[in-house]
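Residue numbers run from 1 in the order of the sequence given. These figures come from a predicted structure and were not determined experimentally.
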Amino acid sequence: MEHKVTKRVLIASLVGSSIEWFDYFLYGTVAALVFNELFFHADDPAVGLLLAYASFALAFFIRPIGGIVFSHIGDRIGRKKTLVLTLSLMGGATVLMGLLPTYASIGTMAPVLLILLRLIQGLGLGGEWGGALLLAVEYAPKEKRGFFGSIPQMGVTIGMLLGTLALSLMSLLPEDAFMTWGWRVPFILSAFLVFFGLWIRKGIDETPSFKAAQEKGEIAKLPFVETMRTHWKEVLIAIGGKVVETAPFYIFSTFIVSYATANLGFSRTVTLNAVTIATVVTTLLIPVMGRFSDKVGRKPLYVGGTVLMILYAFPYFWLLHQNSKVLLIVATIVGLGIIWAPITAVLGTMFSEIFKSNVRYTGISLGYQIGAAVAGGTAPLVATALLNAYNNSYVPVALYIIFTSLISLIAIATVRDRKDEELDEEAG
C-alpha cells in the first residue's frame with residue numbers, strides 16, 4: 001500500500017508540475033510567433049513583439065503574489081486542496097486563451113483579455129511550484145528525500161519539451177492555417193492534461209508533515225507574517241539561491257535563440273534543436289542528481305554546479321563563436337544539459353529543509369518566486385541590454401552569468417546540509 005501511495009504522489013507532483021510549465025512556456029513561444037501579430041496590433045512590428053514579450057515577463061512579477069496567496073492557503077488548509085486550485089486556475093486560463101477572439105474581431109479587448117488570462121496563469125504558477133514540491137518532499141522517506149524533491153523539478157523541462165513539441169507539430173500546417181486556428185489547438189487540448197492532473201491529485205491524501213502540524217496545533221494563523229517574523233533570513237537565502245538556477249537557464253534556453261540567430265548567423269531550427277536536445281539531457285539527469293544528493297548531500301552538488309557555472313561562462317560563448325553547428329549543440333548541452341542539472345535537482349529539497357512545516361509552503365514559494373522574478377524574468381532583457389551597450393561583446397553577458405553564480409554561493413554559504421535528519425526535526 002505504502003509503495004502505491006508514494007508512486008501516486010510522485011506522479012501527481014510530476015504531472016501537475018509538467019502541465020503548469022507546459023501552459024507557461026506555450027505562451028512564451030506563441031507570444032513571439034502569433035500574439036505579436038494577432039493580439040498586440042501595432043503599425044511597427046517591433047512594438048508588437050515588445051508588447052508580446054512584456055506580457056510574457058509580466059507573469060514573472062505576478063508569480064510572487066500567487067506564491068503568497070496560495071501558500072497562505074497551503075499552510076492553512078493543506079497542500080492537496082491548494083494544488084487542485086492552482087491547477088484548475090492555470091488550466092482554465094490556458095484553455096480560454098485558445099478560444100480568445102483576436103484584435104481583428106474585438107479590437108482592444110483582445111490584448112486586454114489575453115493579458116488578464118496571462119496574469120491568472122502567473123498567479124496559478126506562483127502557488128503550484130511550492131505545493132508540487134512539498135507533496136513530493138513531505139511524503140519522502142528520509143533517505144530518498146533528494147530523489148523525491150528532484151521529481152517535480154523535472155516538470156520545468158518536461159513542460160518546455162511538450163510546448164516545443166506541440167508547436168513544432170502545429171507549425172507543419174500551412175502558414176495561414178497555423179495563424180488562423182493551428183496555434184489554438186495546443187491551448188485547447190491542454191484541457192485533457194488538466195483533467196488527468198486533477199484526477200491524479202484527487203486520489204491522494206494530505207502530506208504527513210501538514211497532518212503532524214495540524215495535530216500539534218501548529219498551523220500558522222497568518223503564514224506570511226509568521227514567515228517574515230521567524231524565517232526572513234531563510235527567505236533571503238532562498239531568493240539568493242534561486243538566482244543561479246534561473247538566470248543562466250533563461251540565457252541558455254531563451255536568450256541563445258535570438259543571439260545565435262541574429263548575431264552569429266545560425267538558423268532558428270538548429271538553435272532550437274540544440275536547446276531541445278539539452279533539455280532532454282537535463283530532464284534525464286535531474287532525478288539522477290537528486291538520487292546522488294541523497295548520498296553526498298544537497299550542498300556539495302549545488303556548490304559544485306555553481307562553481308562549474310562560473311568556470312563555464314566564458315568557454316560557453318567561445319564555443320558559440322566558433323560558428324560550428326556541432327559546437328553550438330555541444331555548448332548548449334554542457335550548459336543547460338549538464339551543469340544546470342545538479343543545481344536545479346537539489347534546489348527544492350534544499351529550500352524545504354530550511355523551513356519549519358507550518359511556514360514551509362510560504363517560505364519556499366516566496367524565495368523561489370521572488371528569485372525567479374528578479375533574476376529569471378529579466379535575464380534575457382539584461383543580456384540583450386548588455387550586448388547593445390557594449391557593442392555586441394559577449395564579455396559582459398559572461399560576467400553576468402558569473403555574477404549570478406557568486407550571489408547564490410554567498411546566499412547559501414551558511415546553509416547546513418540536513419540529508420541525514422528527519423524533515424520535521426527542528427529546522428535550524
> Give the ring-plane orientation class for His231 versus Phe355, where under 30° counts as parallel, over 60° as perpendicular and anything between as tilted.
parallel
> In sequence, state the C-alpha distance, the side-chain angles, and the governing distance for Gln153 and Met289, and then conclude on side-chain contact (heavy atoms from CB on, under 4.5 Å).
CA-CA 11 Å; Gln153 292 296 82; Met289 294 295 173; over 6 Å; no
> Do Thr279 and Val275 have side chains that get closer than 4.5 Å, going by heavy atoms?
yes
> Flag the pair Tyr250 / Phe60 as yes when their ring centroid distance falls below 6.0 Å, and as no otherwise.
yes
> Quick one: closest heavy-atom pair of Val415 and Lys299, and the distance?
O-NZ, 2.7 Å
> With the side chain counted from C-beta on, respond yes when Val257 and Leu272 share a heavy-atom pair under 4.5 Å apart, and no when they do not.
yes
> Within the distance-only criterion (no hydrogens, no angle test), does the side chain of Arg63 pair as donor or acceptor with the backbone N or O of Ala372 below 3.5 angstrom?
no
> Check for a donor-acceptor pair, side chain of Tyr361 on one end and backbone N or O of Gly127 on the other, with a separation under 3.5 Å.
yes
> Between Val397 and Ile251, does the side-chain contact (heavy atoms from CB on, under 4.5 Å) criterion hold? Intermediate values first, please.
CA-CA 9 Å; Val397 187; Ile251 286 180; 4.2 Å; yes
> Within a 6.0 Å radius of atom CZ on Phe292, are there more than 12 heavy atoms belonging to other residues, nucleotides or ligands?
no
> With a cut-off of 6.0 Å (strictly less than), are more than 12 heavy atoms of other residues, nucleotides or ligands near NZ of Lys295?
no
> Is there a salt bridge (Lys or Arg N to Asp or Glu O under 4.0 Å) between Glu128 and Arg201? Walk through the geometry before answering.
CA-CA 12 Å; Glu128 162 69 25; Arg201 283 184 172 179; 2.8 Å; yes
> So, Tyr139 side chain and Glu206 main chain: donor-acceptor pair closer than 3.5 Å or not?
yes
> Kindly indicate, with the supporting measurements, whether the criterion side-chain contact (heavy atoms from CB on, under 4.5 Å) is fulfilled by Val244 and Ile407.
CA-CA 8 Å; Val244 70; Ile407 288 176; over 6 Å; no
> Check whether any side-chain heavy atom of Ser71 lies under 4.5 Å from a side-chain heavy atom of Phe224, and answer yes or no.
no
> Would you say Trp183's side chain and Met179's backbone share a donor-acceptor pair under 3.5 angstrom?
yes
> Ignoring hydrogens and geometry, is there a side-chain-to-backbone donor-acceptor pair from Tyr400 to Leu386 under 3.5 Å?
no
> For Lys144, is the NZ atom crowded, meaning more than 12 foreign heavy atoms sit under 6.0 Å from it?
no
> Testing Leu308, Thr306, Val307, Ile343 for side-chain contact (heavy atoms from CB on, under 4.5 Å) with Ser405, which one passes?
Thr306
> Apply the test side-chain contact (heavy atoms from CB on, under 4.5 Å) to residues Leu87 and Leu83: give CA-CA distance (whole Å), side-chain angles for both, the deciding distance (0.1 Å), then the verdict.
CA-CA 6 Å; Leu87 191 55; Leu83 282 172; over 6 Å; no
> Out of the candidates Leu134, Leu135, Leu133, only one should pair with Pro152 under the side-chain contact (heavy atoms from CB on, under 4.5 Å) rule; please name it.
Leu133
> Verify the neighbour count for atom CZ of Phe403: are there more than 12 heavy atoms of other residues, nucleotides or ligands below 6.0 Å?
no
> Please answer whether the main-chain N or O of Leu100 pairs with a side-chain N or O of Arg184 as donor and acceptor at a distance below 3.5 Å.
yes
> Measure the shortest side-chain to side-chain distance between Ser190 and Val95 over non-hydrogen atoms and say whether it is less than 4.5 angstrom.
yes
> Indicate yes or no: at least one non-hydrogen side-chain atom of Glu138 is less than 4.5 angstrom from one of Lys211.
no
> Sub-3.5 Å donor-acceptor pair from the side chain of Thr102 to the main-chain atoms of Phe39, do we have one?
no
> Taking the side chain as C-beta and beyond, is there a heavy-atom pair between Tyr259 and Thr271 under 4.5 Å?
no
> Just so I know, are the side chains of Val156 and Ile286 near enough to count as touching, which here means a heavy-atom distance under 4.5 Å?
no
> With a 4.5 Å limit on heavy-atom distance, are the side chains of Ile219 and Asn358 in contact?
no
> Hey, are Arg416 and Glu421 close enough for a salt bridge, meaning a charged N less than 4.0 Å from a carboxylate O?
yes
> For the CZ atom on Arg8, are there more than 12 heavy atoms of other groups (residues, nucleotides or ligands in this structure) within a distance under 6.0 Å?
yes
> Are the side chain of Asp75 and the backbone N or O of Pro223 linked by a donor-acceptor pair below 3.5 Å?
no
> Just by distance, do the side chain of Ser253 and the backbone of Phe249 share a donor-acceptor pair under 3.5 Å?
yes
> Is the backbone of Leu14 close enough, under 3.5 Å, to the side chain of Ser18 for a donor and an acceptor to pair up by distance?
yes
